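Worksheet: the structure to be examined is printed underneath.
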Protein chains: 2
Amino acid sequence: MLPSEDKYLTNVSYDTVIFGFTGEELKILILEYQNSGLFALPGGYIRRDENLLDAAKKGVMKRTGLKKIHLEQFHTFGKLNRSNPEPSKQIAKGLGYEMPENHWVLDRFITIGYYSLINYNLVKPTPNKFSDSINWYSINNLPPLMMDHEEIVNKALEAIKNDLGTKLFGTNLLPEKFTMKELRKVYETILNKKLRRTTFQRKILGMDILKRHEKLYTGAANKAPYLYSFDKEKPKKS
Amino acid sequence: MLPSEDKYLTNVSYDTVIFGFTGEELKILILEYQNSGLFALPGGYIRRDENLLDAAKKGVMKRTGLKKIHLEQFHTFGKLNRSNPEPSKQIAKGLGYEMPENHWVLDRFITIGYYSLINYNLVKPTPNKFSDSINWYSINNLPPLMMDHEEIVNKALEAIKNDLGTKLFGTNLLPEKFTMKELRKVYETILNKKLRRTTFQRKILGMDILKRHEKLYTGAANKAPYLYSFDKEKPKKS
DNA sequence: GCCTTATTGTATCAATCTGCTACAATAAAC
DNA sequence: GTTTATTGTAGCAGATTGATACAATAAGGC
């Protein structure tokens with residue numbers, strides 16, 4: 001029942017920071033292990049017969065139920081003191097296993113961090129066999145995370161800030177069609193600052209990456225906004 | 001004589017792309033292994049009792065003879081097909097060792113890539129005990145590198161392009177004091193495009209990160225340029 | 001219908017930044 | 001002193017961004 005050493009690479013793991021956007025704030029998926037009170041990022045080991053990236057993708061697909069996801073590697077964490085056998089022992093104990101003292105999962109690990117931006121509303125958070133829950137937590141209100149997982153989250157936040165506007169346009173966090181205001185909210189939340197409405201609209205439209213669709217009538221007593229979708233062509237300038 | 005499994009983490013290594021600037025082009029340090037004709041990036045394994053970053057730093061210090069170096073992690077390479085036991089076997093053979101078929105260094109490896117920008121003229125390239133030479137090679141004229149080391153170099157080049165102007169100002173590649181023309185040459189070489197002399201000067205000076213010193217009289221029959229040094233304060237805007 | 005209210009899409013103008021040209025100020029050779 | 005190559009900076013036009021203004025709605029209240 002414990003993962004076998006023959007199947008997996010030793011001393012290496014991956015961890016994923018899976019971002020979703022509620023319309024108001026950024027949230028990430030956090031696992032809680034059974035009977036241990038330990039909170040952790042979704043992560044795992046790399047099988048000897050699969051690519052690193054595929055291992056991480058498979059993990060995210062399992063936890064979210066999504067079939068098409070985009071992962072971006074942002075940093076690898078290899079400090080000596082980041083590894084700690086206690087959480088794994090506790091987790092095993094909580095599950096009723098006896099963990100041999102020299103088991104490979106208790107050894108030191110170097111972990112590769114990936115982030116993923118996904119549509120909050122399409123996700124079916126699915127716990128794994130070692131955890132009894134997986135839930136969305138606001139990045140401003142995380143539970144105490146085990147080991148260095150909080151540092152990993154912070155690095156991921158830095159990374160999405162830097163990637164926004166180049167690798168990343170924030171549309172992954174929104175439904176297929178969205179309003180300009182929603183897109184701006186995404187940018188404001190990730191960059192953690194207010195953006196000028198008119199300048200933002202002019203700049204994004206000037207980038208020529210959006211397709212305009214019908215109007216959205218929300219029932220509100222004011223002018224209805226247009227819906228846009230990401231146009232999978234010509235990302236011209238940033 | 002072969003590295004022992006007790007001392008090192010298995011399945012993980014680091015590789016470093018060490019950049020120097022000759023005044024005309026970017027070069028990197030490449031090792032050549034004895035009697036095997038194999039060229040490789042300087043790299044190594046991580047001791048169980050040291051941080052990942054320290055392992056990589058130690059490696060760069062040994063290969064360059066420098067005491068103060070700055071490393072930047074840029075990517076981790078984990079494709080299934082990147083590992084190949086043949087080079088290690090050949091290297092061992094070239095050294096006269098017998099390498100057991102199941103030795104841990106023949107196993108699959110995930111490698112963490114770091115780059116370093118250093119002053120070309122201060123370096124004493126120093127081979128390790130497995131290699132008979134370490135030399136500077138122009139990035140436009142590299143020897144055929146083993147495994148995926150060429151891909152690692154390309155990723156490093158992308159990374160320094162992106163980091164230039166934010167994390168990195170290119171002054172690491174130059175001596176303590178340098179002229180504006182030299183700094184511009186560094187930027188042009190890294191970005192691989194010509195920059196407008198006047199605009200570059202205005203922009204860099206406007207960033208307020210340089211201190212101006214005395215003039216440099218080279219003996220050339222024209223106006224002498226000022227020398228500048230990097231001012232370790234207030235990196236204002238990019 | 002007509003007026004009100006909140007919001008959206010765009011225009012406008014000033015302030016700033018960038019590309020480009022021009023030119024005075026050299027340092028050394030002749 | 002004259003010549004030549006290079007440097008530092010100014011000046012101007014064009015592009016980009018910040019800030020304000022305003023017309024065009026959607027629906028609710030009367």
Side-chain angles (χ1 to χ4, degrees), chain A residues 23-24 161 164-166 169-171 174-175 177-189 191-231 234-238, chain B residues 23-24 161 164-166 169-171 174-175 177-189 191-231 234-238:
Chain A
E24 288 303 320
K161 266 186 211 178
L164 197 61
T166 55
F169 289 95
T171 52
L174 294 171
K177 292 183 182 176
F178 48 86
T179 65
M180 193 58 76
K181 189 178 191 174
E182 288 172 326
L183 185 59
R184 180 164 48 87
K185 263 281 186 188
V186 168
Y187 274 68
E188 289 181 339
T189 308
L191 299 175
N192 198 27
K193 67 176 178 190
K194 285 271 168 210
L195 298 175
R196 235 156 292 282
R197 181 182 67 93
T198 56
T199 310
F200 179 81
Q201 181 139 341
R202 180 174 54 191
K203 201 172 170 186
I204 293 282
L205 289 179
M207 287 166 73
D208 222 10
I209 54 170
L210 296 185
K211 212 185 298 191
R212 188 155 97 172
H213 300 276
E214 73 280 6
K215 287 188 171 188
L216 172 69
Y217 298 92
T218 59
N222 49 43
K223 186 173 179 179
Y226 287 104
L227 284 169
Y228 296 90
S229 69
F230 186 65
D231 195 347
K234 49 181 176 184
K236 276 179 183 173
K237 26 181 180 170
S238 74
Chain B
E24 288 303 320
K161 266 186 212 180
L164 197 61
T166 54
F169 290 96
T171 52
L174 295 170
K177 292 182 183 177
F178 48 86
T179 65
M180 193 58 75
K181 190 178 192 173
E182 288 171 326
L183 185 59
R184 180 164 48 87
K185 264 281 187 189
V186 168
Y187 274 68
E188 289 181 340
T189 308
L191 299 175
N192 198 27
K193 67 175 177 190
K194 285 271 169 211
L195 298 176
R196 235 154 293 281
R197 181 181 67 93
T198 57
T199 310
F200 179 81
Q201 181 138 341
R202 181 174 52 191
K203 201 172 170 185
I204 293 281
L205 289 179
M207 286 166 73
D208 222 12
I209 54 170
L210 296 185
K211 212 185 299 190
R212 188 157 98 173
H213 301 276
E214 72 281 6
K215 287 188 171 188
L216 172 70
Y217 298 91
T218 59
N222 50 43
K223 187 173 177 178
Y226 287 104
L227 285 170
Y228 296 89
S229 70
F230 186 65
D231 194 347
K234 49 182 176 183
K236 276 179 182 173
K237 26 181 180 169
S238 75

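Given the structure is predicted, the values throughout are model-derived calculations rather than measurements. Sequence lines set the chain letters: A, B, ... in the order given, protein chains first and strands last, and positions in each chain run from 1.
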*Out of curiosity, B:Arg184 CZ to B:Leu195 CG, how far, rounded to the nearest 0.5 Å?*
7.5 Å
*List the steps and the verdict of side-chain contact (heavy atoms from CB on, under 4.5 Å) for B:Thr171 and B:Val186.*
CA-CA 8 Å; B:Thr171 52; B:Val186 168; over 6 Å; no
_Mind checking if B:Arg184 touches a base, just sugar-phosphate, or nothing, with heavy atoms under 4.0 Å?_
nothing
*asked:* Could you work out, with ring-ring contact (aromatic ring centres under 6.0 Å, His included) as the rule, every residue matching A:Tyr226, not counting sequence neighbours?
replied: none
_Quick check on DNA chain D: between B:Lys181 and A:Tyr217, whose nearest nucleotide comes earlier from the 5' end?_
B:Lys181
*Length of the OH-P vector between A:Tyr226 and D:dA24, whole Å*: 13 Å
_In whole Å, I'd like the distance from the NZ atom of B:Lys194 to the C1' atom of C:dT18._
19 Å
*Would you mind reading off the distance between A:Gln201 atom CD and D:dA19 atom P, rounded to a whole angstrom?*
17 Å
_Is it the case that the side chain of B:Glu182 and the backbone of B:Thr179 share a donor-acceptor pair, with hydrogens and angles ignored and the cut-off at 3.5 Å?_
yes
Heteroatom pairs (N/O) under 3.5 angstrom, protein to nucleotides 20-24 of chain C:
{"from": "C:dC20", "atom 1": "OP2", "to": "B:Arg196", "atom 2": "NE", "distance (Å)": "2.8"}
{"from": "C:dC20", "atom 1": "OP2", "to": "B:Arg196", "atom 2": "NH1", "distance (Å)": "2.1"}
{"from": "C:dC20", "atom 1": "OP2", "to": "B:Arg196", "atom 2": "NH2", "distance (Å)": "2.5"}
{"from": "C:dT21", "atom 1": "O4", "to": "B:Thr198", "atom 2": "OG1", "distance (Å)": "3.4"}

_If I take atom CD1 in residue B:Ile204 and atom P in nucleotide C:dC17, what distance separates them, rounded to the nearest angstrom?_
15 Å
*Which residues satisfy the ring-ring contact (aromatic ring centres under 6.0 Å, His included) test with A:Tyr228, sequence neighbours excluded?*
none
*For C:dA27, take OP1 and OP2 only and decide whether either is under 4.0 Å from a side-chain N or O of B:Lys215.*
yes
*At what distance, to the nearest 0.5 angstrom, does CG of A:Leu227 lie from CE of A:Met180?*
11.0 Å
*asked:* What verdict does the side-chain contact (heavy atoms from CB on, under 4.5 Å) test give for A:Arg197 and A:Lys181, after you've listed the backbone C-alpha separation in whole Å, the side-chain angles of each residue and the deciding distance to 0.1 Å?
replied: CA-CA 8 Å; A:Arg197 181 182 67 93; A:Lys181 189 178 191 174; over 6 Å; no
*Give the rounded distance in Å between these two atoms: CG of A:Asn222 and P of C:dC3.*
20 Å
*Rounded to the nearest angstrom, tell me the gap between atom CE in B:Met180 and atom C1' in D:dG8.*
10 Å
*Just how far, in rounded Å, is P of D:dT16 from CZ of A:Phe200?*
18 Å
*Rounded off to whole Å, could you give me the OH-to-C1' distance for the A:Tyr228 and C:dT8 pair?*
9 Å
